[in-house]
Chemist: 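Below is a structure I'd like to ask you about.
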Amino acid sequence: GGMYVLLGDFTGHGLPAAIGAMPASETFYGMTKKGFTIEEILKEINKKLKTILPVGVFCCCCMIDLDFRKSMAKAWIGGLPDIFIYRKETKSIQPISSRHLPLGVLSNEKFNTEIQVLELAEGDRIYLWSDGIHEAENPNGGMFGTERLEQIFKESTNPENLFDDIKRG
C-alpha cells in the first residue's frame with residue numbers, strides 16, 4: 001500500500017561524487033526491505049556518509065514515504081530545491097521547501113529526522129529533482145532557473161506532458 005522514494009545528489013562530479021552512492025543505496029534498499037521507517041533509514045544513511053565521505057562532500061536528498069491507502073506522503077528534504085505537488089483539482093502547484101541540511105554533514109546526535117506530512121488527493125502528483133534542472137543552460141548560456149520551471153508548471157495544460165514541456169522550456 002505504499003512506496004519509498006529517495007532522490008540523492010552528491011556534491012561534485014565523477015568518482016568523488018560517486019563514493020557515497022553505493023553505501024547509501026545499499027542502506028536504502030536493505031532497510032526498506034526490512035520495513036524500517038524513513039526516519040530510521042535516513043539516520044543510518046547519514047551515519048554512514050558522515051563516516052566515509054571526505055569533508056565538503058555530502059548528499060542533498062529527498063526521501064518520500066507514499067501511503068496510497070491514506071492518501072498522504074511523508075517527506076524529508078535536505079539541501080535540494082523545492083519539490084512540487086501538482087494539485088489536480090485546482091491545477092496549481094504547491095512548493096515544499098527543504099528544512100534540513102544534506103546527508104553526511106551533521107553527526108547523528110545533531111541530525112534532524114523531522115518529516116513533513118503532505119495530504120494528497122486522487123490525481124495529485126509529486127515532482128522532485130536535483131539542482132541540475134535549475135542549472136541547465138540553453139544554447140546561449142542562460143540558466144533554466146526556478147522561475148522558468150514554475151512558469152512551465154503554471155502554463156502546462158496536461159500533467160502527463162510536463163516532462164516534455166520542461167525539456168522544450
Side-chain angles (χ1 to χ4, degrees), residues 1-87 93-121 123-136 144 146 149-150 153 159 162-163 166-167:
M3 176 189 303
Y4 286 167
V5 176
L6 185 139
L7 171 69
D9 183 9
F10 286 87
T11 50
H13 300 281
L15 188 57
I19 291 171
M22 285 303 294
S25 62
E26 286 175 8
T27 302
F28 173 75
Y29 287 116
M31 291 182 76
T32 296
K33 191 180 225 180
K34 293 177 183 173
F36 285 93
T37 66
I38 65 171
E39 295 93 342
E40 294 167 320
I41 296 169
L42 287 164
K43 200 159 194 152
E44 186 63 23
I45 293 172
N46 182 71
K47 183 171 87 175
K48 281 191 179 180
L49 295 182
K50 180 68 176 156
T51 303
I52 66 168
L53 293 179
V55 174
V57 178
F58 49 83
C59 180
C60 296
C61 175
C62 176
M63 186 165 175
I64 298 180
D65 174 2
L66 294 164
D67 188 327
F68 301 114
R69 285 182 229 147
K70 294 181 181 176
S71 297
M72 63 176 276
K74 296 176 185 175
W76 184 95
I77 310 167
L80 283 178
D82 291 356
I83 67 172
F84 287 172
I85 300 177
Y86 176 83
R87 301 291 183 181
I93 56 168
Q94 176 187 354
I96 308 295
S97 297
S98 170
R99 293 185 180 173
H100 304 285
L101 291 173
L103 298 172
V105 172
L106 298 173
S107 67
N108 262 19
E109 293 77 33
K110 295 179 181 175
F111 184 71
N112 184 344
T113 59
E114 182 182 337
I115 57 170
Q116 299 177 64
V117 177
L118 314 170
E119 299 294 326
L120 300 172
D124 287 353
R125 294 168 178 247
I126 300 176
Y127 293 89
L128 31 138
W129 41 70
S130 71
D131 60 358
I133 195 166
H134 301 278
E135 296 172 359
F144 196 91
T146 303
L149 184 62
E150 289 176 2
F153 268 82
L162 262 168
F163 286 112
I166 291 168
K167 286 195 291 188

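Note that these values count all heavy atoms, side chains included, but never hydrogens, waters or copies made by symmetry. Here the structure is a predicted model, which is why all the values come from computation and not from measurement. Here, residue 1 is the first one in the sequence, and each next residue gets the next number.
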Chemist: Tell me the closest heavy-atom pair linking T113 and E39, and the distance in Å.
Modeler: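 The pair with the smallest heavy-atom distance is O-CG, 3.5 Å.
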Chemist: Within a strict 4.5 Å, meaning less than it, do heavy atoms of the C59 and P102 side chains meet?
Modeler: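 No, side chains not in contact.
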Chemist: Are the side chains of L49 and F10 in touch, meaning some heavy atoms are under 4.5 Å apart?
Modeler: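 Heavy-atom side-chain distance check passes, below 4.5 Å.
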Chemist: Contact between I83 and C62 at the side-chain level, heavy atoms closer than 4.5 Å - yes or no?
Modeler: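 Answer yes - side chains close enough.
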Chemist: If I compare all heavy atoms of S98 with all of G79, which pair ends up nearest, and what's the gap?
Modeler: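 What the structure gives for the nearest pair is OG-N, 2.9 Å.
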Chemist: Let me confirm one number: the CG-CG distance from L6 to L42, rounded to the nearest 0.5 Å.
Modeler: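 One finds 7.0 Å between CG of L6 and CG of L42.
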Chemist: Side-chain contact, heavy-atom cut-off 4.5 Å: E119 with D124?
Modeler: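 No, too far: nothing below the 4.5 Å cut-off.
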Chemist: Kindly compute the distance separating CE (M63) from CG (L128), expressed to the nearest 0.5 Å.
Modeler: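 Nearest 0.5 Å value for the CE-CG distance: 12.0 Å.
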Chemist: Hey, what do you get for CD1 (I126) to CG (L118), rounding to the nearest 0.5 Å?
Modeler: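 CG of L118 is found 6.0 Å from CD1 of I126.
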Chemist: Atom NZ of K110 and atom NZ of K50: how far apart are they, to the nearest 0.5 Å?
Modeler: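 Reported to 0.5 Å precision, the distance equals 9.0 Å.
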Chemist: Provide the closest heavy-atom pair for M72 versus L120 in the form atom of the first, atom of the second, distance.
Modeler: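 Nearest heavy atoms, M72 then L120: C-CD1, 3.9 Å.
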Chemist: Can you name the closest pair of heavy atoms from A75 and I64 and give their distance?
Modeler: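 Shortest heavy-atom contact: CB-CG1, 4.1 Å.
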Chemist: With the side chain counted from C-beta on, respond yes when P81 and T146 share a heavy-atom pair under 4.5 Å apart, and no when they do not.
Modeler: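 No, too far: nothing below the 4.5 Å cut-off.
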Chemist: Does CZ belonging to R99 count more than 12 external heavy atoms closer than 6.0 Å?
Modeler: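 Not more than 12 within 6.0 Å, no.
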Chemist: Tell me if the CE atom of M3 is crowded by more than 12 foreign heavy atoms within 6.0 Å.
Modeler: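 Atom CE in M3 is not packed in, count stays at 12 or less.
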Chemist: Considering residues, nucleotides and ligands other than K43, do more than 12 of their heavy atoms fall under 6.0 Å from its NZ?
Modeler: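 Atom NZ in K43 is crowded, with more than 12 foreign heavy atoms closer than 6.0 Å.
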Chemist: Can you check whether F28 reaches I41 side chain to side chain, under 4.5 Å on heavy atoms?
Modeler: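 Yes - at least one pair of side-chain heavy atoms lies under 4.5 Å apart.
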Chemist: Once rounded to the nearest 0.5 Å, what's the spacing between atom CG of L162 and atom CZ of F153?
Modeler: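 Atom-to-atom, L162:CG and F153:CZ are 5.0 Å apart.
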Chemist: Under 3.5 Å, is there a donor-acceptor pair between the side chain of H100 and the main chain of I115?
Modeler: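 The answer is no, because no donor-acceptor pair under 3.5 Å joins these two groups.
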Chemist: On a heavy-atom basis, which atom in G20 and which in I52 lie closest, and how many Å separate them?
Modeler: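 Here G20 and I52 meet closest at CA-CD1, 4.3 Å.
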Chemist: Looking at side-chain heavy atoms only, is the closest gap between L53 and T11 below 4.5 Å?
Modeler: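 Contact flag for L53/T11 side chains = no.
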Chemist: Can you see which heavy atom on W76 is nearest to which on N112, and at what distance?
Modeler: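 Reported closest heavy-atom pair: NE1-O, 2.9 Å.
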Chemist: Working to the nearest 0.5 Å, report the span between NZ of K74 and OH of Y4.
Modeler: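 Rounded to the nearest 0.5 Å, the NZ-OH separation comes out at 7.5 Å.
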Chemist: Does F68 CZ have over 12 foreign heavy atoms under 6.0 Å away?
Modeler: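 Yes, because the 6.0 Å sphere around CZ of F68 holds more than 12 heavy atoms from other groups.
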Chemist: Keeping E150 on the side-chain end and I93 on the backbone end, is there a donor-acceptor pair under 3.5 Å?
Modeler: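 No; zero donor-acceptor contacts below 3.5 Å.
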Chemist: Below 4.5 Å, heavy atoms only, C-beta onward: do I45 and F111 meet side chain to side chain?
Modeler: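 Side chain of I45 against side chain of F111, heavy atoms only: no contact under 4.5 Å found.
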Chemist: Using a 3.5 Å distance criterion without hydrogens, assess whether the side chain of N46 forms a donor-acceptor pair with backbone atoms of L106.
Modeler: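 Between the backbone of L106 and the side chain of N46 there is a qualifying donor-acceptor contact (under 3.5 Å).
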Chemist: Using the rule given for side-chain contact (heavy atoms from CB on, under 4.5 Å), can you reason through I19 versus V57, listing the C-alpha separation, both sets of side-chain angles and the distance that settles it, and then say yes or no?
Modeler: CA-CA 9 Å; I19 291 171; V57 178; over 6 Å; no
